[in-house]
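Report on the following structure.
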Amino acid sequence: MTGQVRTVDGRVAGRRGQATRQKLLNCLGEMLSTSPYRDVKVIDVARMAGTSPATFYQYFPDVEGAVLELADEMAKEGASLTDLVAGRSWAGKSGTQAAEDLVDGFLSFWRKNDAILRVVDLGAAEGDKRFNRIRMRILNAVTGSLTESIKELQGKGRVDKDVSAPAVAASLVAMLAAVAAHQKGFSGTGVKQADLKPNLALLVHLGVTGRKPAK
């Protein structure tokens, strides 16, 4: 944990206070993975952390405030998603690998953070600008790099100059996010999990380069 951690009333938390605060966040994260967000109560989080609701309120105004802290930490981690695209070659087999790595990394990030991302998506869908900003920070980490990749291909004459690089990149990332959030929902639809990644990679490659991946 970097920087000063403060209580709700502005006091700087000591080492023990920081540890208690982090334990509360860890317990909240565990509860979100097993319970609907609306069912999570302060008293339950505090009990799981072995402390009191009063202690919880020293560090967070409410459950939503604590969830936003978790989401912010996740978004900081999500900034590394840009590395899945930045500086990658989209030519030949390198392009095939770039598409596969992007899909694999994106879906893995979503699986790892599934519980908190569901809450972020819910808050964003309900118009909460705080959750929407966090969601866009995560998506933009990929969208920006993907936009630059498409523009680079346009500069080399390999993608039509009339293509809107930002629009294509944003559309591909939105598709990835939608599929990533629905990973557990494909059973019973005839879609095999084993087919998901390669076909998503195919769509990403087509979207970026306009060509089928090299085999």
Side-chain angles (χ1 to χ4, degrees), residues 1-6 13 15 17-37 40 45 48-49 56 59-88 97-126 128-149 166 169-185 193 196-197 200-201 204:
M1 192 178 294
T2 59
Q4 288 186 334
V5 174
R6 295 185 179 273
R15 185 173 297 177
Q18 290 185 42
T20 298
R21 181 181 184 275
Q22 189 59 48
K23 189 173 183 180
L24 286 164
L25 286 175
N26 292 343
C27 289
L28 174 59
E30 286 185 41
M31 292 190 71
L32 289 174
S33 67
T34 58
S35 306
Y37 167 52
V40 176
V45 178
M48 186 177 183
F56 180 98
Y59 301 103
F60 310 105
D62 47 32
V63 169
E64 186 175 78
V67 167
L68 282 165
E69 288 288 334
L70 280 176
D72 186 63
E73 288 299 316
M74 175 199 62
K76 290 174 183 175
E77 179 188 341
S80 64
L81 289 172
T82 190
D83 297 335
L84 296 171
V85 182
R88 299 294 297 267
Q97 190 65 52
E100 290 174 352
D101 289 348
L102 172 56
V103 168
D104 188 52
F106 200 95
L107 295 187
S108 295
F109 176 82
W110 226 267
R111 279 196 305 273
K112 177 183 175 183
N113 298 286
D114 175 65
I116 188 65
L117 279 163
R118 278 189 281 108
V119 181
V120 169
D121 283 347
L122 176 62
E126 291 179 345
D128 190 316
K129 292 181 180 179
R130 298 169 301 172
F131 284 111
N132 190 58
R133 280 194 294 269
I134 288 171
R135 189 174 194 276
M136 293 314 299
R137 278 169 59 192
I138 296 166
L139 300 187
N140 287 342
V142 180
T143 303
S145 293
L146 212 50
T147 297
E148 291 306 311
S149 294
S171 298
L172 289 172
V173 173
M175 174 190 71
L176 286 172
V179 173
H182 195 63
Q183 288 181 80
K184 296 178 181 178
Q193 284 292 327
L196 200 56
K197 287 184 184 179
L200 265 179
V204 168

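Since the model is a prediction, treat every value here as computed from it, not as a measurement.
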K76 vs R137, side chain to side chain contact (heavy atoms under 4.5 Å, CB included): CA-CA, chis, key distance, verdict: CA-CA 8 Å; K76 290 174 183 175; R137 278 169 59 192; 3.8 Å; yes

Provide the closest heavy-atom pair for A99 versus A201 in the form atom of the first, atom of the second, distance. CB-O, 3.5 Å

Worked verdict on M48 versus L28 for side chain to side chain contact (heavy atoms under 4.5 Å, CB included): CA-CA 9 Å; M48 186 177 183; L28 174 59; over 6 Å; no

Taking the side chain as every heavy atom from C-beta outward, state whether L102 and L172 have any pair of such atoms under 4.5 Å apart. no

From CD1 (I134) to CE (M74), nearest 0.5 Å: 6.5 Å

Can you name the nearest heavy-atom pair linking A49 to L24, along with the distance? CB-CD2, 3.7 Å

Side-chain contact, heavy-atom cut-off 4.5 Å: E64 with V119? no

Quick check for you: to the nearest 0.5 Å, what is the distance between K112 atom NZ and L117 atom CG? 11.5 Å

Tell me the closest heavy-atom pair linking A71 and V120, and the distance in Å. CB-CG2, 3.8 Å

Using atom types as modelled and distance alone, determine if a side-chain donor or acceptor of N140 lies under 3.5 Å from a backbone N or O of T143. no

Within the side chain of T34, is there an N or O that forms a donor-acceptor pair under 3.5 Å with the backbone of M31? yes

Distance-minimising heavy-atom pair for R135 and A124: CD-CB, 4.1 Å

Using modelled atom types only, decide if a donor and an acceptor are shared between the side chain of S80 and the backbone of E77 within a distance under 3.5 Å. yes

Could you tell me if the side chain of D101 sits less than 4.5 Å from the side chain of R88, heavy atoms only? yes

Residues forming a salt bridge (charged side-chain N to carboxylate O under 4.0 Å, His left out) with E148, sequence neighbours excluded: none

Are any of the side-chain heavy atoms of V179 and V103 separated by less than 4.5 Å? no

Stepwise side chain to side chain contact (heavy atoms under 4.5 Å, CB included) check, L200 with L107: CA-CA 10 Å; L200 265 179; L107 295 187; 4.2 Å; yes

State, with a plain yes or no, whether a side-chain heavy atom of E73 is found less than 4.5 Å away from one of L25. no

Check whether any side-chain heavy atom of F131 sits under 4.5 Å from a side-chain heavy atom of E126, and report yes or no. no

Less than 4.5 Å apart, side chain to side chain, heavy atoms only: is that true for L84 and V142? no

Report the relative orientation of the aromatic rings in W110 and F106; use parallel for angles under 30°, tilted for 30 to 60°, perpendicular for over 60°. parallel

Less than 4.5 Å apart, side chain to side chain, heavy atoms only: is that true for N132 and M136? yes

Kindly give the heavy-atom pair with the smallest separation between D121 and A181, and that separation in Å. OD2-CB, 4.2 Å

State, without any angle test, whether Q22 and N26 hold a side-chain donor-acceptor pair at a distance under 3.5 Å. yes

Pair V67-V40, side chain to side chain contact (heavy atoms under 4.5 Å, CB included): steps then yes or no: CA-CA 11 Å; V67 167; V40 176; over 6 Å; no

Got a second to check how far D62's CG is from F56's CZ, nearest 0.5 Å? 7.0 Å

Measuring from atom CZ of R21 to atom CZ of F60, what distance do you get when rounded to the nearest 0.5 angstrom? 4.5 Å

Roughly how far apart are R130 CZ and D72 CG, rounded to 0.5 Å? 12.0 Å

Atom CG in N113, atom OG in S33: separation rounded to 0.5 Å? 11.5 Å

